[in-house]
Amino acid sequence: MCSQLTADEVSVLISFKQWIVAQQHLNHPKLDDKFLLRFLRNRKFNLQNACEMFEKYLKVRHLYPHCYQNLDINDCNVVDLFRRGYLFPLLERDPKGRTVIFVRSAIFNQKYGHKPTDLFRAITMTFEVLLDDELCQTNGFVYVFDQQNVCLSQVSYLGIREIQLLLQSGEKCLPVRHKEVHWLHLPFVISTIFYLIAGFVSEKLRKRLHFHSDLKSLHKTVPANILPEEYGDCHIYVQLLFTVYFLKGGKVSWKCMAHKWLKQLQENREKLISLDSMSLNNSRNEALK
(Lines give C-alpha, C1' and ligand atoms only; values in the text may rest on other atoms or scores of the structure.)
Protein backbone atom coordinates (compact mmCIF):
# COMPACT_ATOMS: atom_id res chain seq x y z
CA MET A 1 0.00 0.00 0.00
CA CYS A 2 1.35 3.45 -0.91
CA SER A 3 2.11 5.95 1.84
CA GLN A 4 -0.06 8.67 3.33
CA LEU A 5 -3.47 7.39 2.26
CA THR A 6 -6.45 8.13 4.47
CA ALA A 7 -8.80 5.35 5.51
CA ASP A 8 -11.36 6.59 2.97
CA GLU A 9 -8.75 6.62 0.19
CA VAL A 10 -7.69 3.07 1.04
CA SER A 11 -11.33 2.02 0.83
CA VAL A 12 -11.72 3.63 -2.61
CA LEU A 13 -8.51 1.95 -3.80
CA ILE A 14 -9.82 -1.45 -2.72
CA SER A 15 -13.14 -0.80 -4.47
CA PHE A 16 -11.27 0.28 -7.60
CA LYS A 17 -9.35 -3.00 -7.67
CA GLN A 18 -12.54 -4.97 -7.15
CA TRP A 19 -14.24 -3.15 -10.03
CA ILE A 20 -11.30 -3.83 -12.36
CA VAL A 21 -11.21 -7.54 -11.50
CA ALA A 22 -14.97 -7.79 -12.13
CA GLN A 23 -14.72 -6.33 -15.66
CA GLN A 24 -14.49 -9.32 -17.99
CA HIS A 25 -13.66 -7.11 -20.99
CA LEU A 26 -10.40 -5.98 -19.36
CA ASN A 27 -7.53 -8.34 -20.16
CA HIS A 28 -4.50 -8.58 -17.85
CA PRO A 29 -4.96 -5.17 -16.17
CA LYS A 30 -2.20 -3.99 -13.84
CA LEU A 31 -3.38 -4.00 -10.24
CA ASP A 32 -0.43 -2.64 -8.27
CA ASP A 33 -1.23 0.28 -5.99
CA LYS A 34 1.23 2.72 -7.52
CA PHE A 35 -0.25 2.26 -10.99
CA LEU A 36 -3.89 2.50 -9.91
CA LEU A 37 -3.33 5.52 -7.69
CA ARG A 38 -2.39 7.65 -10.71
CA PHE A 39 -6.02 7.32 -11.86
CA LEU A 40 -7.56 7.82 -8.42
CA ARG A 41 -5.46 10.88 -7.61
CA ASN A 42 -6.17 12.40 -11.01
CA ARG A 43 -9.90 11.99 -10.40
CA LYS A 44 -9.63 13.10 -6.74
CA PHE A 45 -10.60 9.62 -5.52
CA ASN A 46 -13.97 9.71 -7.25
CA LEU A 47 -14.42 6.00 -7.97
CA GLN A 48 -16.76 6.34 -10.94
CA ASN A 49 -14.58 8.94 -12.65
CA ALA A 50 -11.45 6.87 -12.04
CA CYS A 51 -13.11 3.80 -13.56
CA GLU A 52 -14.09 5.81 -16.64
CA MET A 53 -10.56 7.16 -17.05
CA PHE A 54 -9.03 3.71 -16.63
CA GLU A 55 -11.21 2.37 -19.44
CA LYS A 56 -10.39 5.36 -21.65
CA TYR A 57 -6.70 4.85 -20.95
CA LEU A 58 -6.83 1.24 -22.14
CA LYS A 59 -9.01 2.20 -25.08
CA VAL A 60 -6.68 4.92 -26.34
CA ARG A 61 -3.71 2.58 -26.08
CA HIS A 62 -5.38 0.17 -28.45
CA LEU A 63 -7.04 2.65 -30.79
CA TYR A 64 -3.74 4.45 -31.36
CA PRO A 65 -0.96 1.88 -30.88
CA HIS A 66 1.55 4.00 -32.82
CA CYS A 67 1.38 6.53 -29.96
CA TYR A 68 0.88 4.37 -26.90
CA GLN A 69 2.28 0.89 -27.52
CA ASN A 70 5.71 -0.62 -28.22
CA LEU A 71 7.35 1.67 -25.69
CA ASP A 72 10.81 0.21 -26.22
CA ILE A 73 13.65 2.55 -25.31
CA ASN A 74 15.98 0.33 -27.35
CA ASP A 75 14.25 1.43 -30.55
CA CYS A 76 17.06 3.18 -32.44
CA ASN A 77 15.04 6.28 -33.43
CA VAL A 78 13.44 6.73 -30.02
CA VAL A 79 16.72 6.42 -28.16
CA ASP A 80 18.29 8.87 -30.61
CA LEU A 81 15.66 11.48 -29.67
CA PHE A 82 16.55 11.11 -26.00
CA ARG A 83 20.31 11.07 -26.63
CA ARG A 84 20.04 14.31 -28.56
CA GLY A 85 18.12 15.84 -25.63
CA TYR A 86 14.71 16.21 -27.21
CA LEU A 87 12.80 15.60 -23.99
CA PHE A 88 13.76 15.30 -20.32
CA PRO A 89 12.53 16.30 -16.83
CA LEU A 90 14.57 18.84 -14.93
CA LEU A 91 16.53 17.56 -11.93
CA GLU A 92 14.67 19.83 -9.51
CA ARG A 93 10.95 20.50 -9.13
CA ASP A 94 9.57 24.02 -9.31
CA PRO A 95 8.68 25.96 -6.11
CA LYS A 96 5.19 24.38 -6.10
CA GLY A 97 6.62 20.87 -6.16
CA ARG A 98 5.77 20.20 -9.80
CA THR A 99 8.00 18.30 -12.20
CA VAL A 100 9.13 20.41 -15.15
CA ILE A 101 9.39 18.61 -18.49
CA PHE A 102 11.73 20.37 -20.91
CA VAL A 103 11.36 19.90 -24.68
CA ARG A 104 13.89 21.08 -27.27
CA SER A 105 11.51 20.88 -30.20
CA ALA A 106 13.98 21.46 -33.05
CA ILE A 107 15.74 18.16 -32.23
CA PHE A 108 12.89 16.23 -33.83
CA ASN A 109 13.97 16.20 -37.43
CA GLN A 110 13.34 14.03 -40.46
CA LYS A 111 17.01 14.32 -41.48
CA TYR A 112 17.94 12.29 -38.38
CA GLY A 113 15.49 9.55 -39.36
CA HIS A 114 12.93 10.55 -36.73
CA LYS A 115 9.30 9.66 -37.45
CA PRO A 116 6.19 11.15 -35.83
CA THR A 117 5.56 7.83 -34.10
CA ASP A 118 9.00 8.08 -32.45
CA LEU A 119 8.09 11.46 -30.95
CA PHE A 120 4.69 10.24 -29.73
CA ARG A 121 6.18 7.18 -28.05
CA ALA A 122 8.96 9.24 -26.45
CA ILE A 123 6.33 11.46 -24.83
CA THR A 124 4.26 8.48 -23.68
CA MET A 125 7.32 6.74 -22.19
CA THR A 126 8.13 9.87 -20.23
CA PHE A 127 4.67 10.11 -18.72
CA GLU A 128 4.47 6.40 -17.90
CA VAL A 129 7.73 6.45 -15.95
CA LEU A 130 7.19 9.79 -14.21
CA LEU A 131 3.67 8.84 -13.11
CA ASP A 132 5.13 6.16 -10.85
CA ASP A 133 6.18 9.10 -8.65
CA GLU A 134 3.46 10.03 -6.14
CA LEU A 135 4.43 13.72 -6.27
CA CYS A 136 3.95 13.72 -10.05
CA GLN A 137 0.54 12.16 -9.54
CA THR A 138 -0.55 14.80 -7.03
CA ASN A 139 1.30 17.96 -8.11
CA GLY A 140 1.25 17.51 -11.88
CA PHE A 141 3.55 18.83 -14.57
CA VAL A 142 4.88 22.07 -16.00
CA TYR A 143 6.18 22.08 -19.57
CA VAL A 144 8.75 24.25 -21.30
CA PHE A 145 8.86 23.95 -25.10
CA ASP A 146 11.90 25.64 -26.61
CA GLN A 147 10.83 26.37 -30.19
CA GLN A 148 14.06 28.01 -31.32
CA ASN A 149 15.06 26.96 -34.86
CA VAL A 150 11.81 25.05 -35.42
CA CYS A 151 10.76 25.40 -39.05
CA LEU A 152 7.48 24.98 -40.87
CA SER A 153 8.56 21.72 -42.52
CA GLN A 154 8.99 20.05 -39.12
CA VAL A 155 5.44 20.94 -38.08
CA SER A 156 3.98 19.81 -41.40
CA TYR A 157 5.99 16.57 -41.15
CA LEU A 158 4.30 15.80 -37.84
CA GLY A 159 0.89 16.47 -39.36
CA ILE A 160 -1.87 18.63 -37.88
CA ARG A 161 -4.23 15.65 -37.62
CA GLU A 162 -1.67 13.61 -35.68
CA ILE A 163 -0.96 16.53 -33.35
CA GLN A 164 -4.69 16.89 -32.72
CA LEU A 165 -5.00 13.19 -31.95
CA LEU A 166 -2.12 13.26 -29.50
CA LEU A 167 -3.29 16.40 -27.70
CA GLN A 168 -6.93 15.39 -27.35
CA SER A 169 -6.33 11.76 -26.41
CA GLY A 170 -3.59 12.75 -23.99
CA GLU A 171 -5.72 15.36 -22.23
CA LYS A 172 -8.82 13.17 -21.93
CA CYS A 173 -7.41 9.70 -21.37
CA LEU A 174 -4.10 9.92 -19.53
CA PRO A 175 -4.04 10.49 -15.74
CA VAL A 176 -1.84 13.57 -16.09
CA ARG A 177 -2.31 16.95 -14.46
CA HIS A 178 -1.14 19.63 -16.91
CA LYS A 179 -0.49 22.71 -14.76
CA GLU A 180 1.40 25.14 -17.01
CA VAL A 181 2.68 25.10 -20.58
CA HIS A 182 5.43 27.57 -21.48
CA TRP A 183 6.36 28.31 -25.10
CA LEU A 184 9.80 29.82 -25.57
CA HIS A 185 11.17 31.42 -28.76
CA LEU A 186 8.07 30.61 -30.80
CA PRO A 187 8.85 31.66 -34.42
CA PHE A 188 6.30 33.98 -36.00
CA VAL A 189 5.70 31.64 -38.94
CA ILE A 190 4.89 28.81 -36.50
CA SER A 191 2.70 30.94 -34.22
CA THR A 192 -0.20 31.04 -36.69
CA ILE A 193 -0.26 27.25 -36.85
CA PHE A 194 0.10 27.08 -33.09
CA TYR A 195 -3.10 29.05 -32.52
CA LEU A 196 -4.91 26.52 -34.71
CA ILE A 197 -3.44 23.66 -32.67
CA ALA A 198 -4.39 25.38 -29.39
CA GLY A 199 -8.01 25.01 -30.45
CA PHE A 200 -7.67 21.24 -30.07
CA VAL A 201 -7.35 21.40 -26.28
CA SER A 202 -9.84 22.40 -23.60
CA GLU A 203 -10.42 25.99 -22.60
CA LYS A 204 -9.07 25.12 -19.15
CA LEU A 205 -5.73 24.08 -20.64
CA ARG A 206 -5.64 27.02 -23.07
CA LYS A 207 -5.74 29.36 -20.08
CA ARG A 208 -2.56 27.69 -18.83
CA LEU A 209 -0.54 28.49 -21.94
CA HIS A 210 2.22 31.09 -21.57
CA PHE A 211 4.44 32.64 -24.24
CA HIS A 212 7.97 33.93 -23.76
CA SER A 213 10.07 35.76 -26.32
CA ASP A 214 13.20 35.47 -24.20
CA LEU A 215 14.66 33.74 -21.16
CA LYS A 216 14.13 36.74 -18.89
CA SER A 217 10.39 36.35 -19.36
CA LEU A 218 10.54 32.59 -18.74
CA HIS A 219 12.53 33.07 -15.53
CA LYS A 220 9.62 35.01 -14.00
CA THR A 221 7.62 31.78 -13.79
CA VAL A 222 10.19 28.97 -14.12
CA PRO A 223 13.17 29.69 -11.81
CA ALA A 224 16.47 30.07 -13.63
CA ASN A 225 18.31 27.95 -11.07
CA ILE A 226 16.42 24.74 -11.97
CA LEU A 227 16.82 25.15 -15.74
CA PRO A 228 19.74 23.71 -17.74
CA GLU A 229 22.78 25.98 -17.65
CA GLU A 230 22.13 27.00 -21.26
CA TYR A 231 18.77 28.44 -20.22
CA GLY A 232 19.38 30.08 -16.87
CA ASP A 233 21.64 30.95 -13.97
CA CYS A 234 23.42 28.04 -12.37
CA HIS A 235 23.32 28.46 -8.60
CA ILE A 236 25.47 26.64 -6.10
CA TYR A 237 22.66 24.29 -5.14
CA VAL A 238 22.33 23.04 -8.67
CA GLN A 239 26.09 22.52 -8.81
CA LEU A 240 25.80 20.34 -5.72
CA LEU A 241 23.03 18.34 -7.41
CA PHE A 242 25.34 17.78 -10.34
CA THR A 243 28.00 16.46 -7.97
CA VAL A 244 25.54 13.99 -6.44
CA TYR A 245 24.36 12.61 -9.77
CA PHE A 246 27.53 12.71 -11.83
CA LEU A 247 30.31 12.59 -9.21
CA LYS A 248 32.06 15.70 -10.45
CA GLY A 249 31.70 19.44 -10.09
CA GLY A 250 30.39 21.90 -12.66
CA LYS A 251 27.18 23.28 -14.06
CA VAL A 252 24.21 21.14 -15.11
CA SER A 253 23.77 21.20 -18.87
CA TRP A 254 20.83 19.86 -20.85
CA LYS A 255 23.13 17.04 -21.99
CA CYS A 256 23.60 15.85 -18.41
CA MET A 257 19.89 16.07 -17.64
CA ALA A 258 19.05 14.19 -20.85
CA HIS A 259 21.65 11.52 -20.07
CA LYS A 260 20.23 10.95 -16.59
CA TRP A 261 16.72 10.66 -17.99
CA LEU A 262 17.75 8.20 -20.70
CA LYS A 263 19.37 6.02 -18.04
CA GLN A 264 16.17 6.03 -15.99
CA LEU A 265 14.10 5.05 -19.03
CA GLN A 266 16.51 2.19 -19.77
CA GLU A 267 16.13 0.98 -16.18
CA ASN A 268 12.36 0.90 -16.68
CA ARG A 269 12.41 -0.81 -20.10
CA GLU A 270 10.76 -4.07 -19.03
CA LYS A 271 8.03 -2.26 -17.12
CA LEU A 272 7.23 -0.10 -20.15
CA ILE A 273 7.11 -3.06 -22.52
CA SER A 274 4.88 -5.01 -20.11
CA LEU A 275 2.14 -2.39 -20.46
CA ASP A 276 1.24 -3.97 -23.81
CA SER A 277 -0.09 -7.04 -22.00
CA MET A 278 -3.15 -5.00 -20.98
CA SER A 279 -5.99 -4.88 -23.47
CA LEU A 280 -9.73 -4.53 -24.03
CA ASN A 281 -11.94 -7.03 -25.77
CA ASN A 282 -12.48 -5.92 -29.38
CA SER A 283 -16.15 -5.32 -28.77
CA ARG A 284 -15.27 -2.50 -26.34
CA ASN A 285 -12.75 -0.77 -28.58
CA GLU A 286 -15.28 1.71 -29.93
CA ALA A 287 -14.25 5.27 -30.68
CA LEU A 288 -13.42 7.59 -27.81
CA LYS A 289 -16.00 10.13 -26.69
Side-chain angles (χ1 to χ4, degrees), residues 2-3 28-42 53-54 56-58 60-61 64-94 97-104 107-108 114 117-145 166-167 169-171 173-179 181 226 228 241 244-246 252 254-278:
C2 289
S3 61
H28 310 294
K30 287 171 61 69
L31 293 172
D32 60 279
D33 293 350
K34 188 181 292 185
F35 180 74
L36 297 184
L37 281 167
R38 62 176 66 177
F39 298 94
L40 289 172
R41 288 188 170 118
N42 185 269
M53 172 164 275
F54 188 78
K56 286 182 177 180
Y57 167 82
L58 291 180
V60 77
R61 284 181 46 82
Y64 309 118
H66 59 293
C67 296
Y68 298 102
Q69 290 191 35
N70 189 27
L71 305 180
D72 189 352
I73 189 58
N74 285 351
D75 182 289
C76 60
N77 287 337
V78 174
V79 76
D80 185 69
L81 275 172
F82 285 112
R83 281 177 178 156
R84 292 179 184 272
Y86 171 73
L87 169 71
F88 52 88
L90 302 187
L91 299 185
E92 277 295 289
R93 303 179 195 273
D94 77 354
R98 303 171 301 191
T99 293
V100 181
I101 296 177
F102 201 96
V103 182
R104 300 168 64 241
I107 295 302
F108 173 78
H114 302 150
T117 54
D118 303 324
L119 180 149
F120 299 149
R121 287 184 294 146
I123 294 171
T124 303
M125 286 182 196
T126 295
F127 280 136
E128 290 288 1
V129 172
L130 287 176
L131 283 172
D132 273 346
D133 187 318
E134 292 182 38
L135 285 178
C136 289
Q137 294 175 5
T138 55
N139 298 344
F141 298 94
V142 172
Y143 310 92
V144 177
F145 290 89
L166 186 68
L167 290 174
S169 62
E171 185 179 3
C173 307
L174 299 183
V176 178
R177 292 180 174 176
H178 309 287
K179 294 299 186 179
V181 184
I226 70 172
L241 266 178
V244 170
Y245 283 110
F246 301 101
V252 185
W254 65 259
K255 287 184 179 180
C256 294
M257 294 185 182
H259 172 78
K260 179 179 183 294
W261 181 236
L262 174 58
K263 184 178 179 181
Q264 188 170 343
L265 289 170
Q266 290 168 333
E267 291 170 352
N268 282 273
R269 178 174 180 264
E270 294 304 320
K271 183 184 293 186
L272 287 167
I273 292 174
S274 71
L275 293 172
D276 288 353
S277 64
M278 296 187 293

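A quick note: this is a predicted structure, and the numbers were derived from the prediction, not measured.
Salt-bridge annotation for D75 and R269: absent, with no side-chain N of the basic residue lying under 4.0 Å from a carboxylate O of the acidic one. With respect to the salt-bridge test (charged N to carboxylate O, under 4.0 angstrom), the residues D132 and R38 qualify. A salt bridge links K30 to D32: one of the charged nitrogens lies within less than 4.0 Å of a carboxylate oxygen.
No side-chain heavy atom of V103 sits under 4.5 Å from any side-chain heavy atom of Y143. Side chains of Q137 and N42 form no contact here, defined as non-hydrogen atoms less than 4.5 Å apart. For the pair F54 and P175, the minimum side-chain heavy-atom distance is 4.5 Å or more. The shortest side-chain heavy-atom distance between R93 and C136 falls under the 4.5 Å cut-off. With a 4.5 Å cut-off on side-chain heavy atoms, E134 and L37 do not count as touching. With a 4.5 Å cut-off on side-chain heavy atoms, V144 and I101 do not count as touching. With contacts defined as side-chain heavy-atom distances shorter than 4.5 Å, the pair L275/Y68 does not qualify. In this structure, the side chains of P228 and L90 come closer than 4.5 Å at one or more pairs of heavy atoms.
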Assess the residue pair L91 and V252 against the criterion (side-chain contact (heavy atoms from CB on, under 4.5 Å)); give the C-alpha distance rounded to whole Å, side-chain angles, the decisive distance to 0.1 Å, and a yes or no. CA-CA 9 Å; L91 299 185; V252 185; 3.7 Å; yes
Run the side-chain contact (heavy atoms from CB on, under 4.5 Å) test on L262 and V79 for me, step by step, so that the C-alpha distance in whole Å, both residues' side-chain angles and the decisive distance to 0.1 Å come before the verdict. CA-CA 8 Å; L262 174 58; V79 76; 3.7 Å; yes
Given the rule in the side-chain contact (heavy atoms from CB on, under 4.5 Å) test, do F35 and L131 qualify, once you have shown the distances and angles that lead to the verdict? CA-CA 8 Å; F35 180 74; L131 283 172; over 6 Å; no
Could you check F39 against Y57 for side-chain contact (heavy atoms from CB on, under 4.5 Å), going step by step and ending with a plain yes or no? CA-CA 9 Å; F39 298 94; Y57 167 82; 3.7 Å; yes
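Here the straight-line distance linking atom CG of L71 with atom CG of N268 works out to 11.5 Å at 0.5 Å rounding. Expressed to the nearest 0.5 Å, how far CD1 of I123 lies from CG of L119 amounts to 4.5 Å. Note: Q266 CD to Q264 CD = 11.0 Å, rounded to the nearest 0.5 Å. Taking SG from C76 and CG from D118, the interatomic distance works out to 8.0 Å, rounded to the nearest 0.5 Å. One finds the CE atom of M125 at 7.5 Å from the CG atom of N70 (value rounded to the nearest 0.5 Å). For the atom pair CD (E270) and CG (D72), the distance works out to 8.5 Å, reported to the nearest 0.5 Å.
A258 and G85 get closest at one heavy-atom pair: CB-CA, 3.7 Å. Between T124 and C67, the closest heavy-atom pair is OG1-O, 2.9 Å. Here the closest non-hydrogen pair linking D94 and I226 is CA-CD1, 4.0 Å. Between V78 and I73, the closest heavy-atom pair is CG1-CD1, 4.3 Å. Here the closest heavy-atom approach between residue S169 and residue V60 is recorded as CB-CG2, 3.4 Å. The minimum heavy-atom distance linking M53 with L174 is given by the pair CE-O, 3.8 Å.
R104 places a side-chain N or O within donor-acceptor distance of the main-chain N or O of R84, the cut-off being under 3.5 Å. Under the 3.5 Å distance criterion, the side-chain polar atoms of N139 are matched with a main-chain donor or acceptor of G97.
For F82 and F88, the gap between ring centers reaches or exceeds 6.0 Å. Aromatic rings of F141 and F127 (six-membered ring for Trp) have centroids within the 6.0 Å cut-off, being under it.
Ring-plane geometry between H114 and F108 is classed as parallel, the angle between the planes falling under 30 degrees on a 0 to 90 degree scale with a further cut at 60.
Taking the side chain to side chain donor-acceptor pair (under 3.5 Å) definition, one finds that R61 meets it with D276, sequence neighbours left out. Taking the side chain to side chain donor-acceptor pair (under 3.5 Å) definition, one finds that N74 meets it with nothing, sequence neighbours left out. For K255, the side chain to side chain donor-acceptor pair (under 3.5 Å) criterion is met by no residue, not counting sequence neighbours.
With hydrogens and angles left out, the side-chain atoms of T138 and R41 include no donor and acceptor closer than 3.5 Å.
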